[in-house]
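Every heavy atom of this structure was used, including side-chain atoms; hydrogens, water molecules and symmetry mates were not.
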Amino acid sequence: MINVTLPDGSKRELPDGATPLDLAEGISKSLAKAAIIAEVDGQEWDLTRPLDGDAQVAIITRKDDKALDVIRHDAAHILAQAVQDLFPGTQVTIGPAIEDGFYYDFARDEPFSPEDFEAIEKRMGEIVDADLPFVREVWDRNDAIAEFEKMGEAYKAELIRDLPESETITIYRQGDWFDLCRGPHLPSTGKVGKAFKLMKVAGAYWRGDHRNAMLQRIYGTAWADEKQLKAHLHRLEEAEKRDHRRLGKQMELFHFQEEAQGQVFWHPNGWRLYRAVQDYMRRRLEAAGYVEIRTPQLMDRKFWEASGHWDKYRENMFISSIDQEEKVLAVKPMNCPCHVQVFNQGQKSYRDLPLRMAEFGSCHRYEPSGSLHGLMRVRGFVQDDAHIFCTVEQITEEVKAFCELLKSVYEDFGFEEPRIKFSDRPETRVGSDEVWDKAEAALKEAAEASGLEYEHNPGDGAFYGPKLDFVVKDAIGRDWQTGTIQCDFNLPERLDATFVGDDSEKHRPVMLHRAILGSLERFLGVLIENYAGKLPFWLAPRQIVIATITSDADSYAETVKAAMVKAGLNVETDLRNEKINYKVREHSVGKVPVIAVVGRKEAEEGTLALRFLGEEGNKQEVLPLEAAIARLAADATPPDLKRN
């Protein structure tokens, strides 16, 4: 007999050879009907696969979060079968589940196109309707290689050859079609349902190596039901409308070009937005006791070797060689070693700590061209970076103060309280386990003393220390990782940073690496998409356009502009000989928050007709000039200054 322990701690006895499906049926018919896979001692398991012996077993239903990955994996298998049915001679390679969907890579001489999707989806639906059982089979390694080679599936044969000798070779069948796969799978293709859609086709190198053959990757999305699929497609439509690259063009904020890949050309409107965010952050940091510094772009490689960045990031660093001096300089990919150099100038005392040292540090990292994505992934960026040099005893208070500042900043930008992830030691790291034990314990203690709730993100710490990462959710529910604080006992040791304690002896400071916005470029991209370009008035780069109805009002428009500029507003005039509706429509597309319409009547009465972006119809508000300027100036005041 097999003894099974359920998640609630209860136990059941099953006969030898029993399956998780037998267990589910013994509990209730409804559970057996809803079941899709099982978890056996923490490992995902087919419902019809016999249990090896005593185990802890959990039955996973379609409503569980873990179900989506299995549904998507099965959808990838169904896609592969459909493609080979419709396009004989196509080789299949790999097809995993990914976030929000799945993909499958195919080797085929003729290119796929989105026009093929309708036929492929139709065939996938037929495979679902056929309700073919997924059947797990264990094959001999050599037999599997021979069979796939016989079928002309060279990529599958290569995959099997490269598997460890100890690996069990498992094949999953769905009808006559089969594939190499570890599993698990749903009981049958019918369980997958039809809440799937093919999204796009792209090129992908075999095994991600540019030296290998180029394959064709078909992406799809799959969900537990049609309602979830429709909601996802709606989010994608919203995301497309909010794409910061499109809005950046409409709002004349920035552009990119091939001659400077991954680097931003900021236009006047965009630079006003950039400076508004930077100026806000500068005020917040000064109020929180930070000192601002500026450090070089180029430093000798010896500093990067000493810090450990050379070994970790060398392939992502831009290098400059000076032959006549026989030196190798690196363009800084981050600011940490530079800040230690400033700290090391002159003797520091415990009375100088904590020392909060901030920099809007310009960094450069080589990112592969295929990974570049507007402001979200660039090669040249600025971080709102800072390093807090403190004692061990000061860690908790500094982490607490940082988290309070971060939450306040996010609130000012319109984001709700962030989700927090605690990341501990990665496999590749510097420093001893003893030092890591101390750093992780100190950061956890600080987080808990600050009342922070966090989720564990194992193995994702920085190479020099554990970290807390902060994730904000935007207006359409997408997560963006922005801020971070990292507890580092290693770099001060490696870069010989010291302070004199109250015992007159030298000690190593703790180094807290921290950022609130992260990359300013990326944060601005997130901000633009969160607001769909309709930025809060205090951030809008073009706050007001004064649009004339007739040329009779041109002089008055210029008078209004001068008064608004004096009040600190970003304002411009539109005196073109165009109809007012055309002007209003054009500036609305450009996301100008306020359009002040002036004609002969407004000029004679000294008033403004204000139209606000997003207001329905042609609703407008007419105010005396002084009252309008006072109201707009108040609205344009940044939130931190309003509180002062």
Side-chain angles (χ1 to χ4, degrees), residues 242-257 260 263-286 292 360-362 374-376 378 380-384 409 412-415 516-547 557-558 560-575 583 586-596 610-614 628-629 631-642:
R242 294 166 181 267
D243 190 314
H244 71 281
R245 295 166 298 180
R246 183 175 64 85
L247 290 169
K249 187 173 183 179
Q250 286 180 5
M251 298 169 70
E252 299 179 2
L253 301 179
F254 56 83
H255 82 273
F256 295 88
Q257 61 189 62
Q263 300 185 78
V264 190
F265 290 82
W266 290 102
H267 297 194
N269 291 337
W271 194 240
R272 277 197 291 270
L273 170 60
Y274 191 105
R275 286 173 53 203
V277 171
Q278 191 177 57
D279 291 347
Y280 164 86
M281 283 305 306
R282 183 171 278 121
R283 292 192 301 270
R284 297 303 307 268
L285 292 175
E286 287 177 354
E292 186 174 342
F360 291 102
S362 181
L375 298 177
M376 304 303 194
V378 291
F381 59 95
V382 171
Q383 289 182 308
D384 67 321
V409 168
D412 282 351
F413 281 112
F415 294 107
I516 294 177
L517 307 184
S519 156
L520 265 66
E521 284 74 10
R522 184 171 182 271
F523 185 80
L524 287 169
V526 172
L527 204 62
I528 292 165
E529 295 199 358
N530 179 60
Y531 286 104
K534 300 174 185 177
L535 294 162
F537 193 62
W538 69 277
L539 283 171
R542 300 169 68 207
Q543 292 173 327
I544 307 155
V545 169
I546 304 165
E558 293 293 356
V560 172
K561 177 181 177 181
M564 287 185 170
V565 169
K566 189 175 180 180
L569 295 163
N570 293 328
V571 58
E572 58 190 65
T573 56
D574 186 346
L575 311 180
K583 294 181 181 182
E586 183 179 89
H587 296 307
S588 296
V589 169
K591 310 300 181 185
V592 177
V594 177
I595 301 172
L610 302 180
R611 299 191 182 198
F612 298 91
L613 183 64
I629 291 177
R631 172 177 168 179
L632 294 172
D635 290 345
T637 303
D640 61 308
L641 295 181
K642 283 184 178 180

TODO: Answer yes if the ring centres of F413 and W538 are under 6.0 angstrom apart, and no otherwise.
DONE: yes
Open item on the list: Would you compute the distance between atom NZ of K591 and atom CG of L535 and round it to the nearest 0.5 angstrom?
Closed with: 10.0 Å
- [ ] Identify the heavy atoms of V592 and Q543 that sit nearest to each other, and give their distance.
- [x] CG1-O, 3.9 Å
TODO: May I ask you to test the F523-I516 pair for a side-chain heavy-atom distance under 4.5 Å?
DONE: no
Open item on the list: Return the CE to CG distance between M564 and L632, rounded to the nearest 0.5 Å.
Closed with: 5.5 Å
Open item on the list: Using modelled atom types and a 3.5 Å cut-off, is there a donor and acceptor pairing between side-chain atoms of R242 and backbone atoms of N530?
Closed with: yes
Open item on the list: Restricting to ring-ring contact (aromatic ring centres under 6.0 Å, His included), what partner residues turn up for H267, sequence neighbours left out?
Closed with: H255
- [ ] Grab the two heavy atoms, one from A633 and one from A567, that are nearest each other, plus how far apart they are.
- [x] CB-O, 4.2 Å
Open item on the list: Test of understanding: with side chain to side chain donor-acceptor pair (under 3.5 Å), list the residues that count as partners of E572, not counting sequence neighbours.
Closed with: R542
Open item on the list: I need the minimum non-hydrogen distance between V382 and S362, along with the two atoms involved.
Closed with: CG2-CA, 4.0 Å
- [ ] Applying ring-ring contact (aromatic ring centres under 6.0 Å, His included), name anything that partners F360, two or more places apart in sequence or on another chain.
- [x] none
TODO: Please tell me if the side chains of L569 and F537 come closer than 4.5 Å, counting only heavy atoms from C-beta onward.
DONE: yes
Task: Pairing residues for Y531 by the ring-ring contact (aromatic ring centres under 6.0 Å, His included) criterion, not counting sequence neighbours - done: none
TODO: Determine the minimum heavy-atom distance between Q250 and V589, stating which atoms define it.
DONE: OE1-O, 3.4 Å
- [ ] State whether the number of non-hydrogen atoms from other residues, nucleotides or ligands found under 6.0 Å of K249 atom NZ is greater than 12.
- [x] no
- [ ] Quick one: pull up CH2 in W271 and CG in L253 and give me the separation to the nearest 0.5 Å.
- [x] 13.0 Å
Open item on the list: Run the salt bridge (charged side-chain N to carboxylate O under 4.0 Å, His left out) test against D635 and tell me which residues pass, sequence neighbours left out.
Closed with: none
- [ ] Return each pair, listed once, that meets salt bridge (Lys or Arg N to Asp or Glu O under 4.0 Å) where at least one residue sits in residues 268-278; pairs must be two or more places apart or across chains.
- [x] none
- [ ] Verify, without hydrogens or angle tests, whether H244 (side chain) and L375 (backbone) share a donor-acceptor contact under 3.5 angstrom.
- [x] yes
TODO: Using the test salt bridge (charged side-chain N to carboxylate O under 4.0 Å, His left out), find all partners of R284 that sit at least two apart in sequence or belong to another chain.
DONE: D412
- [ ] Verify whether the ring centers belonging to F254 and Y274 lie closer than 6.0 Å.
- [x] no
Task: Rounded distance (nearest 0.5 Å) linking atom CD1 of I544 with atom CG of L610 - done: 8.0 Å
Task: Nearest-0.5 Å distance that lies between atom CZ in R282 and atom CG in D384 - done: 11.0 Å
Open item on the list: Tell me every residue that passes side chain to side chain donor-acceptor pair (under 3.5 Å) with K561, counting only those two or more places apart in sequence or in another chain.
Closed with: none
Task: Atom of L247, atom of A532 and distance for their closest heavy-atom approach - done: CD1-C, 3.6 Å
Task: Separation of M376 CE from L524 CG (nearest 0.5 Å) - done: 9.5 Å
TODO: Evaluate the side chain to side chain contact (heavy atoms under 4.5 Å, CB included) criterion for residues T573 and V560: first the C-alpha distance (whole Å), next the side-chain angles of each, then the deciding distance (0.1 Å), finally the verdict.
DONE: CA-CA 9 Å; T573 56; V560 172; over 6 Å; no
Task: For K583 against L575, the heavy-atom pair lying closest together - done: NZ-C, 3.9 Å
Task: Pairing residues for E586 by the salt bridge (charged side-chain N to carboxylate O under 4.0 Å, His left out) criterion, not counting sequence neighbours - done: R576
TODO: Not counting sequence neighbours, which residues clear side chain to side chain donor-acceptor pair (under 3.5 Å) with D640? List them please.
DONE: R283
Task: Qualifying salt bridge (Lys or Arg N to Asp or Glu O under 4.0 Å) pairs, either residue in residues 518-541, two or more places apart - done: R478-E529
Open item on the list: According to salt bridge (charged side-chain N to carboxylate O under 4.0 Å, His left out), who are the partners of R631, at least two apart in sequence or on a separate chain?
Closed with: E621
Task: Verdict with reasoning, V409 to Y280, per side chain to side chain contact (heavy atoms under 4.5 Å, CB included) - done: CA-CA 9 Å; V409 168; Y280 164 86; 3.8 Å; yes
Task: Min side-chain heavy-atom separation W266-L273 under 4.5 Å - done: no
